[in-house]
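Order of appearance sets the numbers: ligands from 1, and atoms from 1 within every ligand. Treat the numbers as computed from the prediction; the structure is a model and nothing was measured. Hydrogens, waters and symmetry mates are skipped; everything else that's a heavy atom, side chains included, is used.
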Amino acid sequence: MAVITRFAPSPTGLLHLGHAWSALQTWEAAQREGGRFLLRMEDIDTERCRPEFDAAVLEDLAWLGFDWDGPVRRQSEHFDAYAGVLKHLEAAELVYPCFCTRKQIIAEVQAAGSAPHGPLGLIYPGTCRGLSTGERAERIDAGENHAWRLNWAEAARRSGPLTWHDRARGDITANPAIAGDVVLARKDTPTSYHVAVTHDDHLQGVTLVTRGEDLFEATHVHRLLQAVMGWDVPAYHHHTLLAGPDGKRFAKRDKAVTLAAMREAGMNPEEVLAKARKLAGES
Ligand code: GLU
């Protein structure tokens with residue numbers, strides 16, 4: 001079966017050398033296997049994402065010679081679909097509204113003396129999990145601020161043991177406990193990265209998720225969502241991240257290594273990709 005893979009940047013800044021490396025990994029997987037290379041803008045954060053960065057992504061990819069198959073999918077145009085996922089999980093009693101502030105959560109975690117952080121951040125102590133249906137409805141109706149959290153233990157109980165195949169690390173047993181009851185939506189943002197990315201990978205028929213290894217831990221949550229939603233399970237390739245000579249990963253604030261800056265400095269696409277390969281230790 002021909003591979004369908006995707007490059008899914010968030011247009012919150014200009015692409016840098018690390019993105020070129022990620023796009024190259026994705027492009028090569030599609031080329032090698034006679035497959036499709038999809039482009040998705042993960043722009044659910046409407047405050048931080050900007051049209052000029054979206055346009056710059058298209059320009060940079062075209063310059064690198066990576067032409068994508070089919071139309072670009074923009075997540076900001078599909079909030080209804082993600083809200084539908086939440087409704088489904090709500091009806092299945094796998095999410096619950098949480099009214100805690102971050103401050104309250106930290107205080108509670110500290111009082112319990114448990115380790116406050118997992119690899120995806122603070123692990124929620126479950127304070128609002130046991131609220132009655134009546135209290136939930138009352139507080140929501142009163143307009144109280146809230147987030148929707150996944151009841152991971154119930155989801156895992158229903159789905160049973162889960163695994164995924166990672167091209168970089170082999171067969172992995174999912175361990176969603178590391179994330180706990182993650183936030184899947186907020187009162188004012190009807191979705192989250194976890195919901196939008198797994199929904200879209202399924203909808204777009206993605207068979208290989210190519211992305212940086214900084215997102216490896218999130219896959220524990222994604223695998224659980226796929227199971228409870230009955231979605232297809234792609235293979236994963238969590239690739240290495242590029243670091244500069246100082247050993248630090250490239251970030252959007254590193255202006256000197258944006259693809260636009262390198263282009264303006266006279267580098268051609270082959271040189272940029274060769275530089276990425278070199279930093280990755282490939283040549
Ligand atoms: N939008 C994410 C990022 O820019 C990538 C998500 C993914 O590939 O799953 O880091």
Show your working on side-chain hydrogen bond (donor to acceptor under 3.5 Å, both in side chains) between Arg211 and His239 and close with a plain yes or no. CA-CA 6 Å; Arg211 63 185 177 204; His239 60 73; over 6 Å; no

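Atom 4 (O) of ligand 1 has Ser10 N, 3.4 Å as its closest protein atom, hydrogens excluded (heavy atom only). Among protein heavy atoms, the minimum distance from atom 6 (C) of ligand 1 is reached at Glu42 OE1, 3.2 Å.
Counted within 6.0 Å of CZ on Arg129, heavy atoms from surrounding residues, nucleotides or ligands total more than 12; the atom is thus considered enclosed.
Heavy atoms of Tyr193 approach ligand 1 to within less than 4.0 angstrom. At least one heavy atom of Arg6 sits less than 4.0 Å from an atom of ligand 1.
Between Ala8 and ligand 1, an N or O atom pair is found at a separation short of 3.5 Å.
When the side chain to side chain contact (heavy atoms under 4.5 Å, CB included) test is applied to Val85, the partners found at least two apart in sequence or on another chain are Leu89, Val195, His199, Met229, Trp231.
Residue Val197 has at least one heavy-atom neighbour below 4.0 Å for each of these atoms of ligand 1: 9 (O). Heavy-atom proximity to Leu215, at under 4.0 Å, picks out these atoms of ligand 1: 5 (C), 6 (C), 7 (C).
In this pair, Trp27 and Phe37 present their aromatic rings perpendicular. The plane angle is above 60°, beyond the 30 to 60° band.
Under 4.0 angstrom from ligand 1, the non-hydrogen atoms of Pro9 all belong to its backbone.
Using a 4.0 Å cut-off between charged side-chain N and carboxylate O, Arg74 and Asp54 make a salt bridge.
Remark: aromatic rings of Tyr96 and His146 are distant, center separation not under 6.0 Å.
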